[in-house]
Amino acid sequence: MLGVEFIRANPREICQALTRRGIPAGADLVDHVLEQDRVHREALTLRQVKQQAANAESRNIGVLMREGKHEAAKVLIARQSSLKTEIKELGETAASAEQTLSELLLTIPNIPHESVPDGLSEADNVEVYRHGEIPSFEFTPLPHWEIARQHGLIDFERGAKVAGAGFPFYMDVGARLHRALINFFLDTATRQYREVRPPLFVNEASAHGTGQLPDKEGQMYHVSLDGLYPVPTAEVPLTNYFRDEILSESDLPIKFCAYTPCWRREAGSYGAHVRGLNRLHQFDKVEIVQLTHPEHSYDVLETMRRDAETLLKALNLPYRRLLMCAGELGFNQTKQYDLEVWSAGQERWLEVSSISNFTNYQARRMNIRFRPESGGKPQLVHTLNGSALALPRVVAALLEYNQTENCSYELPEVLTPYLP
RNA sequence: GGAGGGGUGGCAGAGUGGUCGAAUGCACUGGUCUUGAAAACCAGCGUACCGCAGGGUACCGGGGGUUCGAAUCCCUCCCCCUCCGCCA
């Protein structure tokens, strides 16, 4: 979330940002925030003054009691009660304003970076880079589910029987191909990032920290008996690792990578676009996360984007890089790239990675700061993350792009060492 | 799952109702001394909020309560440790 001090100082900028994101009535929202903030601080200030008086009086009572002057003490004690009532009421006013304020703050998204293009729909995302050629075939290319079925790589039907739609079994080479990709991705990532094997379930506080809660609640599975959420992405445990901690400036940047399965409910999805591996309830992903000094986060965004692209290049898959427009940008992000591979059998682009800068938006929620070496108060870090990469659509693209006549396929050379 | 013990500042560890935001030690920072370093000595050293400032308020796992006054008493939740049981 944004800091109130920031909103107080830049109301106009916030309104502008809300407009860019296509959120109506931004000005009213900002006014409401400023009003609650004012009420909160007024009550707080007044309560402090009263509390100060009460504390002083209590100390006097203590002195009198010790001296055995009980009658004098009783007079002071009697005088305290109205003060106590006032303090209590002011405290309640402050608390309720603070509550309203923090609820309002959760509805204000992060501010799009100046380099983010205007626009409200998918069509306004800007393709800033394209790699490789869209292939043409001398036969009709098949979608991956046909190829997978023919070769017994994936069993969607039994997955549906045993767990449900969106929970496929990967079999034999299909299973091994997953293991190969995970290892290839991790081996590449660990050249720069610390490898982490995180918890696959997180608690409510963690889900709040990275912003899955409250607005994306329906996206996660929920183990209500234990109050836990199966991770929708490794971003959640990795970014929360340092929650409520103060780091040394020299600790930065923190660089983590992790392979995890990811679980998403994907409620309401249906139709041809979710067929095969296009959209699943459980999928595998290698995630990269960084916590950086505020001055470096936009440079780091570019390096992380490059790290993800290196993998696609090595796999020799045609892909494009989109710079998300203001309206399509995630709620918590200031700038976001999506990488999409070409699905030769479906003739469409499939998102396999999203790389984002959250600046201090998540860090404020999680209270992750660093102590500047030059002295001064602890400052919020910036957080970033990216997929490097999400597996199922990469598998789909590999099968479709590398298919040959009669439903055969090959796999890129980089994977050979991983496929004994 | 059962029984018991415990959560205090970066760490260790005092403190069981009245100037306790909290002794002491270690670590850390600055200074003195030294050719330099170590040692010794002196000083500093949590976070958040309010205030132009002097200063103030809150925080001793979280939340609630008793009291004029709570780290200290009560309730509740969370977490950790030990023993037993179960278990990949």
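To find a chain, count down the sequence lines: A is the first, B the second, and so on, and within it residues start at 1. Below, all heavy atoms of this structure are taken into account, side chains as well, without hydrogens, waters or symmetry copies.
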### Message
Quiz question: by atom type and distance under 3.5 Å, do the side chains of A:Tyr229 and A:Ser206 form a donor-acceptor pair?
### Response
no

### Message
For the P atoms, the ones on B:U72 and on B:G56, what distance do you get once it is rounded to whole angstrom?
### Response
23 Å

### Message
Using the C1' atom as the point on both nucleotides, what is the distance between B:A3 and B:G85, in whole Å?
### Response
11 Å

## Note on the structure
A:Glu373 atom CD is separated from B:U29 atom P, nearest whole Å, by 12 Å

### Summary
If pairing means Watson-Crick or G-U wobble with both distances under 3.5 Å, then the partner of B:C41 is B:G31

### Query
What's the closest nucleotide to the A:Gln52 side chain, out of B:C50, B:C68, B:U57?
B:U57

### Task
Please state the P separation for the pair B:U32 and B:G25 - nearest whole angstrom.
23 Å

### Query
Rounded to the nearest Å, what distance is computed from the CD atom of residue A:Glu98 to the C1' atom of nucleotide B:G63?
15 Å

### Query
So, for A:Pro237 and A:Pro199, which heavy atoms are closest and what is the spacing to 0.1 Å?
CG-O, 3.8 Å

### Task
Heavy atoms only: give me the nearest A:Phe242-A:Ile368 pair and the separation to one decimal.
O-CG1, 3.4 Å

### Task
Could you state the atom-to-atom distance from NE2 of A:His40 to P of B:C50 in whole Å?
8 Å

### Length of the line joining A:Arg243:CZ and B:U47:P, which is rounded to integer Å
21 Å

### Message
Under a 3.5 Å cutoff, is there a donor and acceptor pairing between the side chains of A:His281 and A:Tyr221?
### Response
yes

### Query
With both distances under 3.5 Å as the test, what is the Watson-Crick or G-U wobble partner of B:U82?
B:A3

### Task
Could you check A:Leu398 against A:Tyr409 for side-chain contact (heavy atoms from CB on, under 4.5 Å), going step by step and ending with a plain yes or no?
CA-CA 9 Å; A:Leu398 281 173; A:Tyr409 69 92; over 6 Å; no

### Query
Separation of A:Lys88 atom NZ from B:U67 atom C1', in whole Å?
14 Å

### Query
Are any of A:Lys84's side-chain N or O atoms less than 4.0 Å away from OP1 or OP2 of B:G69?
yes

### Query
Could you give the distance from OG1 (A:Thr383) to CZ (A:Arg364), rounded to the nearest 0.5 Å?
11.5 Å

#### Entry: Nearest-angstrom distance, P atom, B:C59 to B:U19
15 Å

### Message
Given B:G18, B:C50, B:A48, identify the nucleotide with an atom nearest to the side chain of A:Pro378.
### Response
B:A48

### Task
Could you tell me the separation between the CD1 atom of A:Ile246 and the C1' atom of B:A48, rounded to a whole number of Å?
10 Å

### Residue whose nearest RNA chain B nucleotide is more 5′ - A:Asp37 or A:Leu76
A:Asp37

### Task
Kindly point out which of B:U47, B:U57, B:G51 is positioned nearest to the side chain of A:Arg371?
B:U47

### Query
Under the 3.5 Å rule, do the base of B:G56 and the side chain of A:Gln48 count as making a donor-acceptor pair?
yes

### Task
Let me know, please, whether A:Ala53 or A:Arg369 comes out on the 5' side of the other along RNA chain B by nearest nucleotide.
A:Arg369

### Task
Write down the atom of A:Leu200, the atom of A:Pro261, and the distance for their closest heavy-atom approach.
CD2-CD, 3.9 Å

### Message
Strictly below 4.0 Å: does A:Arg59 bring a side-chain N or O up to OP1 or OP2 of B:C68?
### Response
no

### Message
Heavy atoms only, 4.0 Å cut-off, all strands: where does A:Leu44 land among base, sugar-phosphate and nothing?
### Response
sugar-phosphate

### Message
Whether A:Asn55 contacts B:U57 is assessed here as follows: a side-chain N or O lying under 4.0 Å from the phosphate OP1 or OP2. Is that the case?
### Response
yes

### Query
Rounded to whole angstroms, how far apart are CG on A:Asp244 and P on B:C78?
19 Å

### Task
Give none if B:A22 has no partner; otherwise give the nucleotide forming a Watson-Crick or G-U wobble pair with it, both distances under 3.5 Å.
none

### Message
Any base atoms under 4.0 Å from A:Lys377, or only sugar-phosphate, or nothing? Heavy atoms, all strands.
### Response
sugar-phosphate

### Message
Between B:U76 and B:A22, how far apart are the two C1' atoms, rounded to whole Å?
### Response
26 Å

### Message
For a quick check under 3.5 Å, do A:Asn278 and A:Arg275 share a side-chain donor-acceptor pair by atom type?
### Response
no

### Query
How is A:Glu57 classified with respect to the nucleic acid when contacts are heavy atoms under 4.0 Å: base, sugar-phosphate, or nothing?
nothing

### Query
Which part of the nucleic acid does A:Asn60 contact within heavy-atom distance under 4.0 Å: base, sugar-phosphate only, or nothing?
nothing

### Query
When rounded to the nearest Å, what value does the distance between C1' atoms of B:C45 and B:G31 take?
14 Å

### Query
With both distances under 3.5 angstrom, what nucleotide forms a Watson-Crick or G-U wobble pair with B:A71?
none

### Query
For B:A88, which nucleotide in any strand shown is its Watson-Crick or wobble partner with both distances under 3.5 Å?
none

### Separation of the P atoms in B:G10 and B:G4, to the nearest angstrom
33 Å

### Message
Counting only Watson-Crick pairs (N1-N3 plus N6-O4 or O6-N4) and G-U wobbles (N1-O2, O6-N3), all under 3.5 Å, who is the partner of B:C59?
### Response
B:G46

#### Entry: B:C73 to B:C60 separation - P atoms, rounded to the nearest Å
14 Å

### Atom pair distance, as rounded to whole Å: CG in A:Asn367 and P in B:C59
18 Å

